[in-house]
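Every chain is numbered from 1 and lettered A, B, ... according to where its sequence line falls, protein lines coming before strand lines. Values in this document were obtained by computation on a predicted structure and should not be read as measured data.
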Protein chains: 2
Amino acid sequence: MEERRVGSLRFRIDFSQPIYEQIVQQFQSSVVKGEIERGAKIPSVRELAQALHVTPNTVMHAYQEMERSGLTETRRGQGTFITSSQEQIEQLRSKLAAVAVREFLQKMNDLGYSGQEIFRLIQDEERDESL
Amino acid sequence: MEERRVGSLRFRIDFSQPIYEQIVQQFQSSVVKGEIERGAKIPSVRELAQALHVTPNTVMHAYQEMERSGLTETRRGQGTFITSSQEQIEQLRSKLAAVAVREFLQKMNDLGYSGQEIFRLIQDEERDESL
DNA sequence: CAAGTGTATCACATGTTATGATACACCCAT
DNA sequence: ATGGGTGTATCATAACATGTGATACACTTG
């Protein structure tokens with residue numbers, strides 16, 4: 001609902017999903033789209049927690065997931081940094097996309113939609129978005 | 001994991017999602033694909049609960065969601081029936097598909113994928129599936 | 001050493017999911 | 001009318017996920 005800023009980053013947090021998931025997704029998106037540079041330092045746990053009006057524990061949860069997935073590297077005492085490996089980032093992007101595609105097609109298949117129909121629905125939706 | 005049968009119906013329940021959600025989805029899929037006829041009576045709460053090795057409350061939860069969405073009509077003392085309205089079914093199918101498409105495109109957009117790339121990924125995935 | 005990092009661990013609260021049990025309300029065939 | 005099969009409501013209980021708030025510890029840098 002509301003947009004919070006911290007440094008050059010912008011965050012929107014709502015109640016539709018766990019907060020730590022939203023934090024992860026927004027970092028993923030920012031990195032993958034090149035809005036955050038490789039190797040860049042991201043806000044400290046405490047700093048981001050304060051900016052988002054959230055407990056450090058919640059941010060910590062997000063940061064640990066990000067490290068597990070290879071999106072970030074954390075250095076105790078120094079901070080948390082976006083991975084400097086372009087390959088890591090591309091792999092993560094591909095993997096997330098592959099999962100999304102697979103789940104989507106599974107869902108559409110359960111609803112009995114064929115490839116043709118799926119393409120048509122996507123085109124219709126994209127047409128709507130571009131208004 | 002395991003497949004459970006009750007009458008002519010088949011159910012697979014795993015631990016990836018809430019049980020009641022899986023029940024709803026599998027009825028949705030069966031109805032939308034015509035594997036269950038319109039107006040057909042589905043198993044009683046107690047019967048399905050026993051077949052799935054689950055509490056009646058859990059099945060009840062699923063059945064109430066199914067009625068809320070218009071998929072079924074429940075008649076106290078008689079049982080639960082798939083809606084006899086073809087229009088209802090088609091509306092539900094369209095609505096579920098529209099939601100799936102919208103969420104998918106949102107996710108892909110967050111990952112920075114364009115329409116062209118999305119189509120290509122879908123085609124690749126469908127090619128794999130048809131092996 | 002001090003300040004700023006990440007990390008770990010409590011206690012606590014809330015909401016969701018699920019179990020298990022009991023009771024009630026309703027419909028239909030006998 | 002009664003009995004058996006329906007859906008429905010409610011309660012207690014438990015496990016888990018999510019989030020808050022607080023405290024303490026470990027590490028790095030200046």
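Here the nucleotide nearest the side chain of A/Thr58, chosen from D/dT20, D/dT8, D/dT18, is D/dT20. Minimum atom distance to the side chain of A/Arg46 is reached by C/dG6, of the listed D/dG19, D/dT29, C/dG6. Nearest to the side-chain atoms of B/Gln78 among the listed nucleotides C/dG6, C/dC27, D/dG19 stands C/dC27. Each of D/dT18, C/dG20, D/dT6 was ranked by its minimum atom distance to the side chain of B/Asn57; first place goes to C/dG20.
A straight line from NZ of B/Lys41 to P of C/dC28 spans 12 Å, rounded to a whole angstrom. If you measure from atom CZ of B/Phe81 to atom C1' of C/dC28, you get 12 Å, rounded to the nearest angstrom. When rounded to the nearest whole Å, the span between CG of B/Leu52 and C1' of C/dT17 equals 16 Å. Here C/dG6 presents its P atom at 11 Å from CZ of A/Arg76, a figure rounded to the nearest Å. Per the geometry, CD belonging to B/Glu47 stands 9 Å off P belonging to D/dG7, to the nearest Å. For A/Met60 and D/dG19, the CE to C1' distance is 16 Å, given to the nearest whole Å. Counting to the nearest Å, the C1' atom of C/dT16 and the CD atom of B/Glu65 are 12 Å from each other. Regarding A/Gln17, its CD atom lies at a distance of 17 Å from the P atom of D/dA17, rounded to whole Å.
Taking 4.0 angstrom as the limit, B/Gln64 places a side-chain polar atom (N or O) nearer than this to OP1 or OP2 of D/dA9. Under 4.0 angstrom from either OP1 or OP2 of D/dG7 there lies no side-chain N or O belonging to B/Tyr63. A/Tyr20 has no side-chain polar atom (N or O) that falls below the 4.0 Å cut-off from OP1 or OP2 of D/dG19.
A donor-acceptor contact under 3.5 angstrom links the side chains of A/Asp14 and A/Ser16, judged on distance only. When only modelled atom types and interatomic distance are considered, A/Glu117 and A/Ser114 share a side-chain donor-acceptor pair under 3.5 Å.
The residue B/Thr55 sits close to a base: some heavy atom pair falls under 4.0 Å. Using a 4.0 Å heavy-atom criterion, one finds that A/Thr74 contacts the sugar-phosphate atoms exclusively.
Seen from the ring of B/Tyr113, B/Arg120 does not count as a face-on cation partner, given the 6.0 Å and 45° thresholds.
Mapping A/Val54 and B/Thr80 onto DNA chain D via the closest heavy atom, the residue that lands nearer the 5' end is B/Thr80. Along DNA chain D, the nucleotide nearest A/Gly77 and the nucleotide nearest A/His53 are compared for position; the residue whose nucleotide lies closer to the 5' end is A/His53.
Residues B/Phe81 and B/Thr74 have side chains not in contact (no heavy-atom distance under 4.5 Å, counting atoms from C-beta outward).
Relative orientation of the B/Tyr20 and B/His61 rings is parallel, given thresholds of 30° and 60° on the angle between their planes.
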